[in-house]
Student: 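Below you will find the structure I want to go over with you.
Because the structure is a prediction, the values reported are computed rather than measured. Chain letters run A, B, ... following the sequence lines, proteins first, then strands; residues in each count from 1.
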Number of protein chains: 2
Amino acid sequence: MGRKRKCQNELVAESDREFVLTSAARLFREQGFDHTSVKEISEACNMLPGSLYYRYPSKESLLVDLMRLALEQASTALLKAFQEVTDPAEQIRRAINAHLGLLVGGSDMVYVLLFEWRSLRGAERQEMIDLRDRYEALWDSKLRSLSELGLIRPDIDLSLLRLIGIGALNWTATWFRKDGYYSSEDIGDFVWRLIRDSIINQPLIIKDTNGLS
Amino acid sequence: MGRKRKCQNELVAESDREFVLTSAARLFREQGFDHTSVKEISEACNMLPGSLYYRYPSKESLLVDLMRLALEQASTALLKAFQEVTDPAEQIRRAINAHLGLLVGGSDMVYVLLFEWRSLRGAERQEMIDLRDRYEALWDSKLRSLSELGLIRPDIDLSLLRLIGIGALNWTATWFRKDGYYSSEDIGDFVWRLIRDSIINQPLIIKDTNGLS
DNA sequence: GTCTATACTCTGATAGAC
DNA sequence: GTCTATCAGAGTATAGAC
């Protein structure tokens, strides 16, 4: 088997993995992990249960692999938001909207990563926690650099800010409706303004004074 | 059977109900609804499965009744916070801390109300949603009255404020640890300051000017 | 109101042919 | 790598005695 052929197989295997995990994620989001049977998952992948057990040794291990892919998606979207612009405030605003967009509309996997942690135990639960920590560390890193630039009020606890901010975004997924009154952007910008008005370290600017202050 | 006797029975029945639901709530919080068997619940109540089915026609119906009691607890705590003081800002600060305290330390039932909604379907899911809406309506009512008093910036969307604020508090329950770095009060006051600095409609006060502004 | 005993279903997982 | 066939176990719920 030549090198090129091997590479092709790896690509096929990778897209196979994504197909399985994407199908499973939709079911898990709609019905919950516990209320989705292996039979349903395999049907959604056009397989039979036995074939799934060739790929994953257990239902839980499939969930863990799904969460790994979800972390990659979330991290990629976050870093993209940071890299698109140079203005720190705009970076945060875009990151908030990227997180929220992925969660409520873009990726069932990210939703599952955030809401199905209770289905895992022991070592698998710990791996899930580690995945989330790695994602939140990206936020922490950005917040620390903004703080070092003097852009955040020094009395703000950065870890609490991250926990509360991400929490506000995450909970949105429990009530958000695609056909509801608020769009993902409405919500993201609201959160952004809430945080901005409270934490940004800058000369106070009185609204509607046309810069005459 | 005399009236007094009947009244006693009702009290016993009520405390029986609370005992069953409190025991179940602890299990549901620790293991999740789906990973708690009827056998475990009945054991925690010093009963056998058959006896539980005398009280509730199904496992789900027990969960719904538990959520009804949780709503009562949360509403009572919230109204108490509103009534303890007259200063509107302090009312909100206390309400935030009451919600958070109940959620992370005071009541397993409130935790279950907020995190086990995915275990219910159809009419029972809808009843759970109605319960939550009734609780959030208490917040809405208070926020509207503050707004009418001119204490909240008129450009703030009160519904979004409620959704995002409660969301930030609720998500806390996913990472809070009793022996962790932050106390419930640390977190509640942080959220309160975040909101206060962003929404309160008042003359801007420059920090550390000793009132000379 | 609680107990004993059990029916019935569903599901995660396995063995082995192809 | 997928299929067929099936097992073993768990879990909800019920019937009926006490």
Student: State which residues pass side chain to side chain donor-acceptor pair (under 3.5 Å) with A:R29; sequence neighbours excluded, sorted by chain then number.
Tutor: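 Counting only residues at least two positions away or on another chain, A:R29 forms a side chain to side chain donor-acceptor pair (under 3.5 Å) with A:D108.
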
Student: At a heavy-atom distance below 4.0 Å, which nucleotide of DNA chain D is the first touched by chain B, and which is the last?
Tutor: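 Contact boundaries, 5' end first: D:dT12 to D:dT14.
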
Student: Could you tell me which residues satisfy salt bridge (Lys or Arg N to Asp or Glu O under 4.0 Å) with A:E18, sequence neighbours excluded, listed by chain and number?
Tutor: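 None.
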
Student: Applying ring pair (Phe, Tyr, Trp, His ring centres under 6.0 Å) as the test, list every pair that has at least one member in residues 40-81 of chain A; sequence neighbours left out.
Tutor: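 Residue pairs with at least one partner in residues 40-81 of chain A: there are none.
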
Student: Any pair with a residue in residues 78-132 of chain A that passes ring pair (Phe, Tyr, Trp, His ring centres under 6.0 Å), sequence neighbours left out, goes on the list, sorted by first then second residue, please.
Tutor: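 Matches after skipping sequence neighbours: A:H99-A:Y135, A:Y111-A:F115, A:F115-B:W171.
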
Student: Pull out every residue in residues 28-56 of chain B that has a heavy atom closer than 4.0 Å to any atom of DNA chain C, ordered by number, or say none.
Tutor: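 DNA chain C contact set from residues 28-56 of chain B: B:M47, B:L48, B:G50, B:S51, B:Y54, B:R55.
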
Student: Just to verify, what does B:S198 make a side chain to side chain donor-acceptor pair (under 3.5 Å) with, not counting sequence neighbours?
Tutor: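 Side chain to side chain donor-acceptor pair (under 3.5 Å) check on B:S198 returns nothing, list empty.
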
Student: Considering residues at least two apart in sequence or located in another chain, which fulfil the side chain to side chain donor-acceptor pair (under 3.5 Å) criterion with A:D87?
Tutor: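 Side chain to side chain donor-acceptor pair (under 3.5 Å) check on A:D87 returns nothing, list empty.
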
Student: Write out all pairs satisfying ring pair (Phe, Tyr, Trp, His ring centres under 6.0 Å) with one or both partners inside residues 31-50 of chain A, taking only residues at least two apart or from two chains.
Tutor: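 Listed by first then second residue: A:F28-A:F33.
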
